Number of protein chains: 2
Amino acid sequence: MENNNHLKLESQICFKIYTVEREITKLYRNLLEDLDMTYPQYLVMLLLWEKDAMTVKQLGKRLFLDSGTLTPMLKRMEANGIIERRRSAEDERSVIISLTKKGDELKKKAECIPTQLVEDMSMNRNELTLLNDTLTDILTRLQNKK
Amino acid sequence: MENNNHLKLESQICFKIYTVEREITKLYRNLLEDLDMTYPQYLVMLLLWEKDAMTVKQLGKRLFLDSGTLTPMLKRMEANGIIERRRSAEDERSVIISLTKKGDELKKKAECIPTQLVEDMSMNRNELTLLNDTLTDILTRLQNKK
DNA sequence: TAGCATTTAATTGTACACAATTTAATTTTA
DNA sequence: TAAAATTAAATTGTGTACAATTAAATGCTA
């Protein structure tokens with residue numbers, strides 16, 4: 001009985017995370033429409049805005065994405081003129097991703113996004129901190145499973 | 001300064017939800033491999049195991065998915081022989097999804113999944129309950145935004 | 001140093017997600 | 001009741017995710 005509830009709760013939580021993720025992505029979709037980028041592309045840009053010129057490998061490590069996802073995504077971003085892709089001279093295996101002028105300038109337009117998002121989620125600092133801790137906890141456990 | 005941290009936290013939280021969602025899906029991928037179904041397909045099966053014969057519309061309402069996602073997915077599930085699709089006689093616009101014998105029998109094989117998953121996530125009841133409440137909260141706010 | 005192992009991207013193939021449009025059936029209303 | 005509006009699926013097109021494989025460059029070692 002008690003165990004049974006426990007299991008139902010598990011299903012609910014996983015489904016809720018799945019649903020919340022899509023709802024948040026939807027919020028970002030609206031906010032990022034102007035910048036003509038998707039949420040995963042925005043994540044790449046956040047990394048590049050913080051530190052320009054990273055390899056695909058480095059981006060993948062930070063975002064937990066492989067080249068199967070990144071390569072086509074980065075090509076789309078290149079086609080949109082916000083990043084550049086070039087082979088590293090030191091190691092021809094690596095591809096270095098860097099911001100174009102246009103990509104760099106988008107940073108200013110993106111600055112309002114976090115504020116907007118927090119507003120849309122309407123959560124206070126305590127809630128945010130608590131949730132962040134819980135998620136960090138889960139993530140650590142999940143990623144150490146493998 | 002304080003505001004700034006707040007915003008960073010927001011980025012972290014959204015990114016963490018995005019990452020946790022993918023990690024959980026990976027866990028399910030391993031657990032569902034035997035049953036030859038994906039996590040979204042498993043969600044459909046959960047609903048059908050609970051109450052057989054639902055329309056695409058009803059499934060979509062519960063899962064927050066539209067026909068653009070469901071139609072091809074349900075066709076794949078039909079091709080795998082675990083569900084049937086037939087037009088409703090009362091309302092020819094609706095398509096009724098129901099379990100096949102094979103789909104119904106999979107329920108037994110799926111019973112161990114929640115236990116396995118809770119184990120893999122290694123969370124106690126308190127954590128699960130707290131997280132569930134927080135996510136419910138967020139979801140309510142997000143879905144009332146529109 | 002030649003050959004094997006490893007590393008980094010790219011490629012291939014499958015499966016969601018979702019916006020936007022289309023098609024067909026049903027309901028509403030003028 | 002015929003035309004307009006609404007509803008339910010399907011379709012079309014774009015963009016992730018990710019497993020598995022391939023190709024090319026680099027490192028390692030016998």
Side-chain angles (χ1 to χ4, degrees), chain A residues 15 17-30 32-33 35-45 54-61 63-80 82-83 85-97 146, chain B residues 15 18-30 32-33 35-45 54-80 82-83 85-97 146:
Chain A
F15 175 60
I17 291 175
Y18 163 77
T19 307
V20 166
E21 192 278 329
R22 289 187 292 137
E23 285 295 330
I24 290 179
T25 303
K26 246 176 248 177
L27 282 187
Y28 273 110
R29 191 174 297 125
N30 294 333
L32 292 170
E33 203 168 30
L35 308 190
D36 195 30
M37 57 175 86
T38 64
Y39 178 59
Q41 291 177 13
Y42 170 72
L43 291 176
V44 169
M45 296 302 275
M54 305 178 68
T55 65
V56 173
K57 183 75 182 174
Q58 290 170 323
L59 291 172
K61 186 163 185 177
L63 301 176
F64 310 105
L65 291 171
D66 68 9
S67 65
T69 301
L70 285 174
T71 298
M73 190 172 102
L74 293 168
K75 281 181 178 172
R76 280 187 287 272
M77 295 170 75
E78 185 182 38
N80 281 346
I82 57 179
I83 62 156
R85 298 160 66 243
R86 68 170 198 283
R87 287 278 162 185
S88 162
E90 303 90 61
D91 186 341
E92 289 274 347
R93 290 171 304 183
S94 295
V95 168
I96 297 172
I97 307 300
K146 296 289 164 58
Chain B
F15 176 60
Y18 164 76
T19 307
V20 166
E21 192 279 329
R22 287 187 295 136
E23 286 294 332
I24 290 180
T25 303
K26 249 176 244 176
L27 282 187
Y28 273 110
R29 193 173 296 123
N30 294 334
L32 293 171
E33 204 169 28
L35 308 191
D36 195 31
M37 57 176 83
T38 64
Y39 178 59
Q41 290 176 15
Y42 170 71
L43 292 176
V44 169
M45 294 303 275
M54 304 179 67
T55 66
V56 174
K57 184 73 182 173
Q58 289 170 324
L59 291 172
K61 186 162 186 179
R62 295 284 293 275
L63 301 177
F64 310 106
L65 292 172
D66 66 9
S67 65
T69 300
L70 284 175
T71 298
M73 190 172 102
L74 293 169
K75 282 181 178 174
R76 281 187 288 273
M77 295 170 75
E78 184 182 38
N80 282 344
I82 58 178
I83 62 156
R85 299 161 65 244
R86 67 170 199 284
R87 287 277 161 187
S88 162
E90 300 90 61
D91 186 339
E92 289 276 347
R93 289 172 303 182
S94 296
V95 167
I96 297 173
I97 307 299
K146 298 287 166 57

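Here is how names work: the chains are called A, B, and so on, in the same order as the sequence lines, proteins then strands, and each is numbered from 1. Nothing here was measured: the structure is a model prediction, and the numbers come from that model. Reckoned from all heavy atoms, side chains included, excluding hydrogens, waters and symmetry mates.
Within residues 86-93 of chain A, the residues that place at least one heavy atom under 4.0 Å from DNA chain C are, in residue-number order, R87(A), R93(A).
Of the listed residues (F64(A), Y39(A), Y18(A)), just one forms a ring pair (Phe, Tyr, Trp, His ring centres under 6.0 Å) with Y18(B), and that residue is Y39(A).
Taking the nucleotide of DNA chain D with the nearest heavy atom to each of E21(A) and E33(B), the more 5' of the two is matched to E21(A). Nucleotides of DNA chain C nearest to R76(B) and S67(A) differ in position, and the one nearer the 5' end is that of S67(A). DNA chain C is contacted by both P40(B) and D66(B); P40(B) maps to the nucleotide lying nearer its 5′ end (nearest heavy atom per residue).
Nucleic acid contact class of T38(B) (heavy atoms, under 4.0 Å, all strands): sugar-phosphate only. Residue K61(A) is classed as having no contact, given no heavy-atom separation below 4.0 Å to the nucleic acid. Across all strands shown, L70(B) has no heavy atoms under 4.0 Å from either base or sugar-phosphate atoms. Residue contacts for R29(A): at a heavy-atom cut-off of 4.0 Å it reaches the sugar-phosphate backbone alone, with no base atom in range. Contact annotation for S94(A): backbone-only contact, meaning every heavy-atom pair under 4.0 Å involves sugar-phosphate atoms and none involves a base. The residue T25(B) sits apart from the nucleic acid: no heavy atom pair falls under 4.0 Å.
With hydrogens and angles ignored, the 3.5 Å screen pairs no side-chain donor or acceptor of R22(A) with any backbone N or O of I17(A). Judged by distance alone, the side chain of R87(B) and the main-chain N or O of V95(B) form no donor-acceptor pair under 3.5 Å.
Between Y42(B) and Y28(B), the ring planes are tilted. Angles from 30° to 60° get that label.
Along DNA chain C, the stretch of nucleotides lying under 4.0 Å from any heavy atom of chain B spans, 5' to 3', dA15(C) to dT26(C). Here the range on DNA chain D touched by chain B, meaning any atom under 4.0 Å from one of its heavy atoms, is dT7(D) to dA19(D).
A 4.5 Å side-chain heavy-atom check between M45(A) and I83(A) finds at least one atom pair inside the cut-off. Side-chain contact between T38(B) and L32(B) is absent, with no heavy-atom pair separated by less than 4.5 Å. I97(A) has its side chain within reach of V56(A): a pair of non-hydrogen atoms, C-beta onward, lies under 4.5 Å apart.
Considering only residues two or more places apart in sequence or on other chains, E78(A) meets the side-chain hydrogen bond (donor to acceptor under 3.5 Å, both in side chains) condition with R85(A). Listed by chain and number, the residues in a side-chain hydrogen bond (donor to acceptor under 3.5 Å, both in side chains) with R93(A) are D91(A) (sequence neighbours excluded).
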Pair up each side-chain donor or acceptor in residues 67-75 of chain A with any protein partner under 3.5 Å, not counting sequence neighbours, and list the distances.
residue : atom : partner : partner atom : Å
T71(A)  : OG1  : S67(A)  : O            : 3.0

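Side chains of E21(A) and T25(A): a donor-acceptor N/O pair is present below 3.5 angstrom, by distance only.
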